[in-house]
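Read the structure below first, then the notes.
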Amino acid sequence: MRKSLGLIVNPVAGMGGSVGLKGTDGAMYQKALELGAEPSTPTRTRDLLTHLKHKDDVSLLVAPAEMGEQYIEGFVVPFVVVGEIGQETSAGDTRRIAREMVDRGIDLLVFVGGDGTARDICDAIGSRVPVVGVPAGVKVFSAAFALSARSAAEMVDAFIEGTEVTEEEVLDIDEDAFREDRLASRLYGYLLVPEARRFLQPGKTASTVSKSAVQSKQEIAGYVVEGMDLETLYLLGPGTTLRAITEAMGLAKTLLGVDALHAGKLVGRDLNERGILNLFERYEQRKIIVTPIGGNGFIFGRGSKQFTPEVIRQVGAENILVVGTRHKINQLDCLRVDTGDLELDEMLSGYIEVTVGYREGMVVEVRC
Amino acid sequence: MLRETIRLHMNEVPYPPAQSVIEAARRGLSNLNRYADPEELEGLRGLLIDYCGVSKPRVVLSPGSDLLLREVVHTFSQGRKVITVSPSFFPTAQTVEKFAVERLSLRLSPPTFDLNLELLMDALDGPSLVIIDNPNNPTGRTLLDRPGVEAILEHRNALLVIDEAYYEFSGVTFADMAEDHPQLTVIRTMDKAFSLAGARVGYAIAGEAFGSALSSFYAFLPYPSLCAAMEALRQPDYMRANVRRIVEERERLWQILDELGVRVYPSNTNFLLLKTEVPDLVSRLRDVGVLVSDVSNQLPPGFVRVTVGTPKENNTFVARYMEVR
């Protein structure tokens, strides 16, 4: 069946990279232009369209001019231009046009840009339709992106062929910190992404399709819930793997916040440090359950405001449980901690067994 | 003009077997209406015992070493925690995922991909089945040494299986220990160094604890494979000369890639693990007729495994890498 695809290009994404600016947030875009930066999005957009196999099965809704329309010349795909833009494009254009495309009933939104663009899409459409992100930013950290324009095309094809969709992270990267070579990121939200973990396996034995992300998270959740006791206070960090744990218990978790469980009940939602420390006055046995956020594997990062050094110290390193799907852990060099407290970071470094499935662990190095 | 496809994705040896081995396989072909003769299977076992330099341990034959690994997991994972390394030989990882009830993998982290033996020792807290590929595929690293193997085997509750598919390239083996250590089995293949990937001859040198259980695993080898394997074992120098060429070539290729700024990891096998910033390198190379292995299912993005081919194939690989990067 013919699918309706939206295409939105952020024409300024990635321009900081060629001139060493690490991002085009705020005033940096003007500076990038002054330094003679060239846009990278036209090439990425054309690469995507070139590698798309199911061109005959799609109709496109495209954003105007340099936000989409001008790159599809030469590709024989029926298209309609959606929205209007002025002389200079803005995040507001991305958000407005994305919403309009979804209102017009697109099946999938393809966007070309960086982490900032992903945040705009997240704000505008949330989980209303699945998306495929084509990376064109300076350094793209959000897992919601494909690895390249070409793999983005494979994801679009997989979607047309009917693959499942899964939630992937959108990160909020502090570009000012990144320019100072610090990676300060926090989980911003999730986008629905076609699950296209196909890899080219020409092996001797047939490559069986491994479990879907949703199945893996359910397995992990089942195992964690089985191991819970009635005395301990469980603090669950952000992320969909942690949400799967509360879902397995019939409870609803805040996706981006820290929630607390005790004796099978939610005793705190979206807690800050104060809220957590208050709970510690009532519960002596405590455990933290976290999952790595972002492609660098941070379990406690600068952006994780709630699990402060004070909170982590009071819980104790031996009471930290890390969970994550095997696929996700395999994508990491190691796990990382960066709490801002060097002594604590060193204490947390070493090795930890991550729960990656039902009765399945992986011992992974933690670095700081 | 159509370009010839270069196969650097399956860790095959690029040189065909000796002419006499091909002729032996042909003789086997003329008997395709027959199962292999049990006496001839015994003959192959005898040749393997000589080749491995072991006295009289049990040698179990199999059409492919991956089937033996699968059999070991089927037979011995019940009631045991199965401990592996990650990444590892992918079919083993898949079998463990499917059939083992309790699983623990020890992550080998870049850049060194070392196995932390202390962690392994800590994990041996009950009945266990430990499976380690040594050298490791896809990192190419040798993970175990003799004191390490002895330390694992001191745990009486632990069964240890070492996959030595690339033994001829690494020169490191623990096959001789299987006689005195009933909990040890070494699994090998003639697919690689002996240039017999198409014949699929695998074998295990099994310690006593495995031997009786594995004896029920009775797999006939195809007759041409049996004949080819026996002939190849009668002239191991042909294989050794090929191994020398490949090891020299591996070091040359390593040097070239290193000079080009590609991150290449040290290898004790007939393949190299690379890390590159080129997205979709596997697909891009496939488009220009070079097949390399995508290992992104087990390692972070950017890692690619490349088999060492002939000098000409390797030069072409490098030239096409430069084209597509």
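Atoms considered below: every heavy atom in the structure, side chains included; atoms not considered: hydrogens, waters and symmetry mates. Chain letters run A, B, ... following the sequence lines, proteins first, then strands; residues in each count from 1.
Considering only heavy-atom pairs separated by less than 4.5 Å from chain A, the leading option among B:Leu299, B:Asp280, B:Ile83, B:Thr84 is B:Asp280. Between chain B and the residues A:Arg367, A:Arg326, A:Gln331, A:Glu365, the largest count of heavy-atom pairs under 4.5 Å involves A:Gln331. Chain A forms more heavy-atom pairs under 4.5 Å with one residue of B:Lys81, B:Arg284, B:Arg103 than with any other, namely B:Arg103.
For A:Arg336, the salt bridge (charged side-chain N to carboxylate O under 4.0 Å, His left out) test picks out no residue, with sequence neighbours left out.
A salt bridge between A:Arg150 and B:Asp287 is present, with a side-chain N of the basic residue lying under 4.0 Å from a carboxylate O of the acidic one.
At a heavy-atom separation below 4.5 angstrom, chain B is approached by A:Tyr351, A:Glu353, A:Tyr358 within residues 345-358 of chain A.
Inspection of the B:Thr95 and B:Thr92 side chains reveals no N or O donor paired with an N or O acceptor under 3.5 Å.
The shortest heavy-atom contact between A:Val112 and A:Ala136 is CG1-CB, 3.8 Å.
For chain A, the nearby part of B:Leu119 is the side chain; its heavy atoms alone come within less than 4.5 Å. In this structure, the portion of A:Leu332 lying under 4.5 Å from any heavy atom of chain B is its backbone and not its side chain. Heavy-atom distances place no part of B:Val82 under 4.5 Å from chain A, backbone and side chain included. Residue contact with chain A, scored on non-hydrogen atoms closer than 4.5 Å, involves the side chain of B:Ser86 exclusively.
In this structure the side chain of A:Tyr190 never reaches within 4.5 angstrom of the side chain of A:Glu168, judged on heavy atoms. Between B:Phe89 and B:Asp66, some side-chain heavy-atom pair lies under the 4.5 Å cut-off.
Ring to ring, B:Phe303 and B:Tyr265 are close: their centroids are under 6.0 angstrom apart.
A cation-pi arrangement is not found for B:Arg141 relative to B:Phe113, the charged atom failing to lie both closer than 6.0 Å to the ring centre and inside a 45° cone about the ring normal.
The CG atom of B:Leu159 lies 12.0 Å from the CD1 atom of B:Ile152; values are rounded to the nearest 0.5 Å.
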